[in-house]
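Here the structure is laid out as structure tokens; the discussion comes afterwards.
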There are 2 protein chains.
Amino acid sequence: MRISELADATGVSIPTLKYYLREGLLHPGRSQGPTRADYDDAHVERVRLVRTLIDVGRLSIDRVREVVTALDLPPESRHLLLGTAHDVLRQPSGGPPPDGVIARITALGLPDCAGSPASTQLAQALSAAERAGWPISDATLTSWYAAMTRVADADVVPELAAMSPADALHHAIIGNVLTDPVVIALRRVAQEALSAQRFEARDS
Amino acid sequence: MRISELADATGVSIPTLKYYLREGLLHPGRSQGPTRADYDDAHVERVRLVRTLIDVGRLSIDRVREVVTALDLPPESRHLLLGTAHDVLRQPSGGPPPDGVIARITALGLPDCAGSPASTQLAQALSAAERAGWPISDATLTSWYAAMTRVADADVVPELAAMSPADALHHAIIGNVLTDPVVIALRRVAQEALSAQRFEARDS
DNA sequence: TGACATTGGATAGTATGGCTGTCCAATATT
DNA sequence: AATATTGGACAGCCATACTATCCAATGTCA
């Protein structure tokens, strides 16, 4: 497959593909002479991954490079693997992890996993909300955690155990990127339903 | 309060404040002569809102302008109000709403609310996932909706009924912006907990 | 009263990110 | 032999979100 065919197959322009090659988001094709290289299905898949991360996940080029680097050299243990996936999906505005909040999380009985990316992100999100004048009570947090456990139940499927590290990592990253918007949209729909139910009767 | 004091109070530089004034994100202060204007606590609050929307919500300047425009002219009915909040928080990459997916949502018994912003976003998120090769089953969707209803239960508080439309809108927007990252982080924490629980025993 | 800093307002410049376009010699293809 | 395409290098472009400079008018303080 030549670069023009890769462009046709993915809907991404040749200059953009060359840009991705330069940026290391895409492996060079198998070189066949100075002016010819061969791309295969793995390249098509990789381009689609990159576009999904950029379009849906709003990841920067730098972050996408982190993803593909991790995919090319995935951690062996399944535990570190999820951590890697969560790490590349961290918020762009993540400052230093605040101390007091972490203590609060562990005090609540949420599994801390020794400062895992997820715990760090939770701590950052909580302190950002608090700084902006929106403190979240322990009761709310506990109830939300229970709800999100039900959501995550569909995420951590047994099939993951049989996958190669690279496939499992790919699965975890792309799954979260694609379904986070679904989960958030469902939250909005539920808000509208509850609002209608609670306010509709007495309000126009 | 002069502009320099507003800058001190919010931690935002004077040139940036002037930029926000130019862009219509911030009302001009009460003019007291050609080279003097007076800002008050409402301006401090507004600047904080703008920074939160930009830093945490990753909203563009254009989107922030939509927010403040809506806040200055909020819809009367509480129902339209939530819709307005959800609309300004829509995904940047929202194409046209796909037809078949909407039918599927209503068939599932999720409240459609006549093409509300939330339903539209859900439809877009579902079709984006499907296009990228990650179809979501009806069972998963139903289960996730139940879970998100529990999350939304903490969002739709009775106090909203007593608030002015502008305050309620502000509450809904800032609440979602600040707590979406918390909810997503909790999902990740739950994934790690379930992964440890399901794979730790048999895996390194 | 006069030196000096600050203000609002206008305008121009900058940094970054994510592409996009141009050029080239070396091949393939016809 | 004529034409098109490729890989590779490199410069240019456009949008976004600021940031800096300039200005005359004004307030502040000695």
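Please read all numbers here as calculations on a predicted model, not as lab measurements. So you know, we letter chains A, B, ... as the sequences are listed, proteins then strands, and number each from 1.
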Any side-chain N or O of A:R51 less than 4.0 Å from the OP1 or OP2 oxygen of C:dC19? yes
By the definition side-chain hydrogen bond (donor to acceptor under 3.5 Å, both in side chains), identify the one residue from A:D180, A:D155, A:T120 that meets it with B:R188. A:D180
Let me know the distance between CD1 of A:I3 and C1' of D:dT5, rounded to the nearest Å. 11 Å
Nearest whole Å is fine: how far is C:dT7 P from B:D38 CG? 12 Å
Remember a base hit wins even if backbone is also touched, and classify B:I54 as base, sugar-phosphate or nothing at under 4.0 Å, heavy atoms. sugar-phosphate
Which part of the nucleic acid, if any, lies within contact of A:Q32, taking any heavy atom under 4.0 Å across all strands shown: a base, the sugar-phosphate backbone alone, or nothing? sugar-phosphate
Compare side-chain N and O positions of B:Y39 against OP1 and OP2 of C:dG8 and report whether any pair is under 4.0 Å apart. yes
Donor-acceptor pair between B:H86 and B:Q121 side chains, under 3.5 angstrom: no
Take the protein atom CE of A:M1 and the nucleotide atom P of D:dT5, then report the distance between them rounded to whole Å. 18 Å
What does B:S4 touch in the nucleic acid at a heavy-atom separation under 4.0 angstrom: a base, only the sugar-phosphate, or nothing? sugar-phosphate
Selected nucleotide, minimal atom distance to A:R2 side chain, candidates D:dC18, D:dA25, D:dT6: D:dT6
Among D:dG7, D:dG27, D:dC18, find the nucleotide with the atom closest to the side chain of A:A37. D:dG7
Which part of the nucleic acid, if any, lies within reach of B:S60 when heavy atoms closer than 4.0 Å are counted: base, sugar-phosphate only, or nothing? sugar-phosphate
Quick one: CG on A:D38 to CE on A:M1, what's the gap to the nearest 0.5 Å? 8.5 Å
Taking only side-chain N and O atoms of B:T16, does any of them lie within less than 4.0 angstrom of OP1 or OP2 on D:dA17? no
Phosphate OP1/OP2 of C:dG17: any A:Y19 side-chain N/O under 4.0 Å: no
Exceeds 12 heavy-atom contacts within 6.0 angstrom, atom CZ of B:R30: no
Heavy atoms under 4.0 Å, any strand shown: does A:R22 hit a base, just sugar-phosphate, or nothing? base
Looking for any heavy atom pair under 4.0 Å, which part of the strands does B:P15 touch: base, sugar-phosphate only, or nothing? base
Regarding B:R51 and B:Y20, do their side chains bring together a donor and an acceptor under 3.5 Å, going by distance alone? yes
